[in-house]
Trainee: 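Quick one: the structure is below, and I'll ask about it shortly.
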Amino acid sequence: MSTEIPEEFTAIGVVDFKKWLEPKEFTYKPRPARSYDVDIKVECCGICGSDVHLASGAYGEIFVPMGAGHEIIGEVIRVGDGVKKLKVGDRVGVGAQCDSCGECVRCSNHHENNCRNHVLTFGGFYKDVNLPTQGGYSDYYRGSEKFMFKIPDSLESKYAAPLMCGGITGFRPLLTAGVKKGTRVGVSGIGGIGHMTILFAKALGAEVTAISRNHNKEELAKQLGADHYIATSDEDFEVKNFDSLDVIVNTASAYEKSLMNRVLQLLVPFGHFVAITAPKAGEMIEIDPLVLLRNNIIFSGNMIGSPGDIEHLLKFAAENKIKPWVEEISISESNVSKAWKRMKAGDVKFRFVLTDYNKCFK
């Protein structure tokens, strides 16, 4: 079943890395459709921190033009002959991953997000057709149905969009650590991912401590539902809070060695520390091994979530009426520029969502 769509899609993104804060509109040809591919008309798209990292060249100047966006919500307008779970008219979401090999031991064990040949929704590359991937700051999007997810009717699109990357990235570590009623969870970094992680942890029944550099976000953390607050600028904060946490999900964008060693001491023996953010290329995590040894810390990382994880998250969010804090922005060249500049300055509480696609893309 199919409907007429243009041969070229229109996107907004980086056309010159030296002028990345001046995004421009451009057109591109999507990859040739496979039998299991789905085309969607984009309704809205969240702005993730990695949009700014990739657009600014922090991970390397990959290719241009590059249309950003991997928190996409849209309506299915065409399905391939091999598509099984989706139909025209469905409202679906797309996250940070658009493909995997489907054959390796990781894919076979439902860890597609860890596939060594995974393909990013934008800033990635389809090797089979020698084409880069373009994201959701676009009128249309084409991709594999395996990495598209039907959105529950009760979830508004503007709230569903941030869940597709930031949301699953903060939710999956809570599942891995077995968070349940009474678990003491610390969320380090109260931003786009961090604020959603607080919402998820509270919905799971955890006792939540927000961790930030200073007291600037204390009132916001309480509004989100945090039970406690720790400012790492306070003298001897770790001593005052020894053994207060079972799990720490680190959503902060940087890893300072001295601070890391102090924060880890908030954990009880065999407590979990999960790193979920990717700082700019070249930045390393430095930890005193004795801090890990003396406290029997379980130190791990997390890369988004598998298709099964994302389906579970969407159901959980709908059932628990999870609503990320969003600010809607009408998509245009100038407004994308303004949003990226504000994100650089830390001026967002807590997720921008691009909307009004019909006004921008005629």
Side-chain angles (χ1 to χ4, degrees), residues 5-6 8-17 19-30 38-56 63-77 91-96 98 120-124 132-143 148-149 151 155-167 191-192 323-362:
I5 64 168
E8 290 192 338
F9 296 172
T10 303
I12 291 175
V14 180
V15 298
D16 182 347
F17 280 110
K19 299 179 180 179
W20 71 274
L21 284 171
E22 300 173 23
K24 301 296 181 185
E25 190 174 288
F26 65 92
T27 60
Y28 72 94
K29 288 189 176 182
V38 174
D39 289 339
I40 66 174
K41 190 175 190 301
V42 180
E43 174 189 349
C44 64
C45 185
I47 301 183
C48 179
S50 55
D51 292 8
V52 172
H53 291 319
L54 280 164
S56 66
F63 59 80
V64 288
M66 181 172 64
H70 59 207
E71 295 182 341
I72 309 166
I73 305 294
E75 179 184 349
V76 174
I77 59 170
R91 186 170 57 118
V92 298
V94 180
C98 67
L120 297 176
T121 298
F122 85 92
T133 59
Q134 305 286 359
Y137 298 13
S138 178
D139 52 358
Y140 298 96
Y141 173 81
R142 173 179 294 164
M148 290 191 185
F149 308 93
I151 304 300
L155 269 181
E156 288 185 56
S157 294
K158 66 180 181 181
Y159 298 128
L163 301 179
M164 302 312 303
C165 175
K323 291 184 178 181
W325 289 16
V326 303
E327 179 180 338
E328 296 179 65
I329 294 180
S330 183
I331 187 170
S332 67
E333 292 177 348
S334 61
N335 283 347
V336 169
S337 175
K338 289 175 185 176
W340 285 356
K341 288 175 182 176
R342 285 180 60 187
M343 288 186 72
K344 256 192 93 181
D347 178 25
V348 53
K349 295 183 179 60
F350 285 101
R351 207 64 156 187
F352 291 133
V353 177
L354 296 169
T355 58
D356 294 328
Y357 274 60
N358 287 333
K359 292 180 182 178
C360 178
F361 302 112
K362 304 296 184 183

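The first residue in the sequence is number 1, and the count goes up from there.
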Trainee: Could you tell me which residues satisfy side chain to side chain donor-acceptor pair (under 3.5 Å) with T355, sequence neighbours excluded, listed by chain and number?
Mentor: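 Expected list: none.
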
Trainee: Less than 4.5 Å apart, any side-chain heavy atom of V336 and any of I331?
Mentor: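 The answer is yes; the side chains approach within 4.5 Å.
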
Trainee: Is there a donor-acceptor pair closer than 3.5 Å between any side-chain N or O of S330 and the backbone N or O of D356?
Mentor: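 Absent.
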
Trainee: For the CD atom of E71 and the CG atom of D51, what is their distance to the nearest 0.5 Å?
Mentor: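 Going from CD on E71 over to CG on D51, the span is 7.0 Å.
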
Trainee: Nearest heavy-atom pair of K158 and V326: which atoms, and what distance?
Mentor: O-CG1, 3.6 Å

Trainee: Walk me through it: do K344 and L21 pass the test side-chain contact (heavy atoms from CB on, under 4.5 Å)?
Mentor: CA-CA 10 Å; K344 256 192 93 181; L21 284 171; 4.3 Å; yes

Trainee: Without swapping roles, check the side chain of Q134 against the backbone of P65 for a donor-acceptor pair under 3.5 Å.
Mentor: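 Here the side-chain-to-backbone pair exists.
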
Trainee: Grab the two heavy atoms, one from V42 and one from G136, that are nearest each other, plus how far apart they are.
Mentor: CG1-O, 3.7 Å

Trainee: Taking atom OH of Y141 and atom CD1 of I77, what is their separation to the nearest 0.5 Å?
Mentor: 13.5 Å

Trainee: Taking salt bridge (Lys or Arg N to Asp or Glu O under 4.0 Å) as the test, write out the residues that go with E8, two or more places apart.
Mentor: none

Trainee: Quick check on side chain to side chain contact (heavy atoms under 4.5 Å, CB included): which of L354, I40, V92 does I72 satisfy it with?
Mentor: I40

Trainee: Among all residues two or more places apart in sequence or in another chain, which pass the side chain to side chain donor-acceptor pair (under 3.5 Å) test with E25?
Mentor: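 Not a single residue meets the side chain to side chain donor-acceptor pair (under 3.5 Å) criterion with E25.
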
Trainee: Nearest 0.5 Å, what's the CD1-CE distance between I73 and M164?
Mentor: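 The distance works out to 5.5 Å.
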
Trainee: Could you tell me how the ring of F122 sits relative to the ring of H70: parallel (under 30°), tilted (30 to 60°) or perpendicular (over 60°)?
Mentor: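 Tilted.
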
Trainee: State, yes or no, whether a side-chain contact exists between F350 and P324 at a heavy-atom distance under 4.5 Å.
Mentor: no

Trainee: I need the minimum non-hydrogen distance between V15 and K24, along with the two atoms involved.
Mentor: CG2-CG, 3.8 Å

Trainee: Quick one: side chain to side chain donor-acceptor pair (under 3.5 Å) partners of D39, sequence neighbours excluded?
Mentor: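 By the side chain to side chain donor-acceptor pair (under 3.5 Å) rule, D39 matches R78, R142.
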
Trainee: Grab the two heavy atoms, one from T121 and one from C98, that are nearest each other, plus how far apart they are.
Mentor: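 Between these two residues, the closest heavy atoms are OG1-N, 3.5 Å.
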
Trainee: Is the shortest side-chain N to carboxylate O distance from R91 to E43 below 4.0 Å?
Mentor: no

Trainee: Roughly how far apart are I47 CD1 and W340 CH2, rounded to 0.5 Å?
Mentor: 8.0 Å

Trainee: E327: which residues meet the salt bridge (Lys or Arg N to Asp or Glu O under 4.0 Å) condition with it, sequence neighbours left out?
Mentor: R342

Trainee: What's the spacing between F352 CZ and D347 CG if we round to 0.5 Å?
Mentor: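 The distance works out to 6.0 Å.
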
Trainee: Once rounded to the nearest 0.5 Å, what's the spacing between atom SG of C44 and atom CD of E328?
Mentor: 8.0 Å

Trainee: Quick one: which of Y28, Y357, F26 gives a ring-ring contact (aromatic ring centres under 6.0 Å, His included) with F9?
Mentor: Y28

Trainee: Is it true that, when you exclude K41 itself, more than 12 heavy atoms of the residues, nucleotides or ligands shown sit nearer than 6.0 Å to its NZ?
Mentor: yes

Trainee: So, using side chain to side chain donor-acceptor pair (under 3.5 Å) as the criterion, who are the partners of S56 when residues are at least two apart?
Mentor: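 In terms of side chain to side chain donor-acceptor pair (under 3.5 Å), with neighbours along the sequence ignored, S56 is linked to no residue.
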
Trainee: Short question: side chain of D139, backbone of T10 - any donor-acceptor pair under 3.5 Å?
Mentor: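 At least one qualifying donor-acceptor pair exists.
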
Trainee: Would you indicate whether the side-chain heavy atoms of F361 and I12 approach each other to under 4.5 Å?
Mentor: yes

Trainee: Where do A161 and C45 come nearest, in terms of heavy atoms and distance?
Mentor: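 Result for this residue pair: CB-C, 4.5 Å.
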
Trainee: Under the side-chain contact (heavy atoms from CB on, under 4.5 Å) rule, what do R351 and C48 come out as? Steps first, then yes or no, please.
Mentor: CA-CA 8 Å; R351 207 64 156 187; C48 179; 3.5 Å; yes

Trainee: Might you point out which heavy atoms bring G69 and Y137 nearest each other, and give the distance in Å?
Mentor: CA-CE1, 3.4 Å

